[in-house]
Amino acid sequence: MFSSILLQAGVAHESFTQFLAENIQIFLSYTGFANATPGHFIMLLVGLLFIFLAIKYEFEPMLLIPIGFGILIGNIPFKDAGLQLGIYEEGSVFNILYQGVKQGWYPPLIFLGIGAMTDFSALISNPKLLLIGAAAQFGIFGAYIIALQMGFDPSQAGAIGIIGGADGPTAIFLSSKLAPNLMGAIAVSAYSYMALVPIIQPPFMRLLTTKKERLIRMKPPRAVSQTEKIIFPIAGLLLTAFLVPSGLPLLGMLFFGNLCKESGVTRRLAETARGPLIDVITMLLGITVGASTQATQFLTVNSIKIFGLGALSFVIATCAGVLFVKFFNLFLKEGNKINPLIGNAGVSAVPDSARISQIVGLEYDPTNYLLMHAMGPNVAGVIGSAVAAGILLGFLG
Amino acid sequence: MTNKRFGVLLLLMVLFAFGAQAQQTTSVRINEVLVVNEENFMDDYGHRHPWIELYNNSAGTVDLGGCYLTNDKNNPTMYVIPKGDVLTKIPPHQQALFWADKEEQRGTFHVNFVLDPTKENYIALYDSDGRTLIDEVTIPAGQKADISYGRSMDGTGDWINFTRVTPKANNITLNVNEKVENFRINDSWGIGMTITSMAVVFCGLFVLYLIFKQIGNASIRASQRRAAQAAAVTGGTVSANAGQESGEIFAAISMALYEISDDNHDIENTVLTIRKVQRRYSPWSSKIYGLRETPVLKK
């Protein structure tokens, strides 16, 4: 009976048990167990580590949970049978979601949300803090120099250097344009180090400052009028975008989001941008960036180099910010001096690096609150890294 | 008032629409022309004719449908490029090829004039209004066979002769990114990039600093003026720090006002009240839903 059916279907088997055995064998060849490589297990462990860090130590959980889980999704081994499963297979669900990363349209939407949730008051009341945000961008170019010496070509070096801007969306945006093949490693590296800011920055902040400098008290920022807050995004956009038009997608959305917030008449738009919109995009971006780290594509010598360079760029950026404040203080009158502990906040990583300034500052003087002051260079760092990305894109794109 | 607003809005929309239209079609350029085609590119019918290559020099798709091609200065609407043909949509930085064979019945890309190698050939592209000149070129007489006349850079640049003819392809093919190569050769250490970029970042943020320094000063002066006006009315005095008060002061004042207006529980009564709560009927608490039906013995 069965053999006649099989013969009709064009496949003959000696016995039904053999047919079943073959089917089970085929099924097993499609399972993750049959297709797993040591690389997959390494990446799965990395994903689990990210999730552990996010839950146990609350290191940037909004980023590390989606990225960590994305790494798990991206590293489930499977046989490539044209089923449109993997993130790199055209037409697959993950590939469609990944287009936001690949084509670079998630980052500007994230910037829209960042703009709608950022209060630039600290910066407007003390605009000289903008220069700290500029100085910290040296991390980008320090890493660029080292990457060139490690054998990366200029466009790859530029994409790697942007990790030093400590701004995940900017890193994804630039690497998708300059070095798409390195984007996964760059994105994961940027987000990982942003989460590790509480570990990376404090030792260098302590190393480069004296006890006397750490105790500097800054003047409380003055209250800023709404008119100033409205002018800031408009003037900021016109100036920075005229200077670096290639940064327009990021800068345009950042300042647009901020204008929605500060205008006072588009509250619903601002709330959507800083609430549901940024949440949705963060989830999609995190999960797809994580899933893009398939062991076969991700575990390369270049990825290891990128991780090393990423750490180095954060260190350089932190040191550049702190040292610049010390240098700047030479020209400032007593009473107007800046506490160099806010120099680290010049790297973006909003608001974590500003929080680090506050925590380290409180260790030395429990009544010296640096958070509001540190938010100035922190948001200046966002503008600075977007401008730096625009420059790199203009030069190397 | 509403009509006025509507009018302004409509005007802006119309201007925008005109701007968008102009931006699209005016970015097309006559890019390469072959007047004598002896052993070069053949059309779909297997014939060799002179051809005109148009190039979309923009980052958006442009539809040529409705535009005009002509070889007569006095007749700008000599050949209308048919509308409704999807092939007339040129993707960004791509080309469209028109055959100058006077065989317009053969399709959209066959124009109703020919090019004469014995004399100067004027070719022009007009917008769909038949009046707006988009691009024009005069090809010198005596063009040699299978040598085209085209722009040195696609969409821009001077007109030169090409021995390597490139129908429906870029006139200049770049194998490397020149900008990256320049940095690779001339700035292998990355010092130039670092200095230039840091200078630009600093300049940008420094100018922003200067602007907001001035805006801040103006804001402080305005606050001081307002404080002086208020003092004149109330008979109070203006503090030297007027206009530069810290946000903390305002926060403290706001908190105090909030407490005054909202703090109604300075003296708590110490009477404990047990209020009887009455619930209406709810099916969740109804016993009839909690009981099983009595089983009926069927015989």
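Order of the sequence lines sets the chain letters (A, B, ...), proteins ahead of strands, with each chain counted from 1.
Classification of the Y144(A)-F141(A) ring pair by plane angle, with boundaries at 30° and 60°, yields perpendicular. The aromatic rings of W159(B) and Y149(B) sit parallel, their planes meeting at an angle under 30°, below the 60° perpendicular limit.
In this structure, the portion of Q149(A) lying under 4.5 Å from any heavy atom of chain B is its side chain and not its backbone. Residue contact with chain B, scored on non-hydrogen atoms closer than 4.5 Å, involves the side chain of V244(A) exclusively. Interface residue A380(A): only backbone heavy atoms are found under 4.5 Å from chain B. Only the side chain of I391(A) comes within less than 4.5 Å of a heavy atom of chain B; its backbone N, CA, C and O stay farther away. Residue I383(A) touches chain B through its side chain alone, counting heavy-atom pairs closer than 4.5 Å. S188(B) touches chain A through its backbone: at least one of N, CA, C or O sits under 4.5 Å from a heavy atom, while the side chain does not.
Per-residue counts of heavy-atom pairs under 4.5 Å with chain A were compared for V207(B), I191(B), I211(B), L210(B); the largest is that of V207(B). Interface check for chain B: of the options F395(A), F138(A), F242(A), the most heavy-atom pairs under 4.5 Å are formed by F395(A). The most heavy-atom pairs under 4.5 Å with chain B, out of L178(A), L239(A), L243(A), come from L239(A).
The six-membered or imidazole ring of F202(B) lies away from that of F206(B), with a centre-to-centre distance of 6.0 Å or more.
The main-chain N or O of G394(A) is found under 3.5 Å from a side-chain atom of K179(B) such that the two form a donor-acceptor pair. Panel note: side chain N171(B), backbone D154(B); no donor-acceptor pair is recorded below 3.5 Å. At distances below 3.5 Å, not a single donor-acceptor pair connects side-chain atoms of Q358(A) with backbone N or O atoms of A354(A).
A cation-pi contact, defined as under 6.0 Å to the ring centre and within 45° of the axis, links K305(A) to F152(A).
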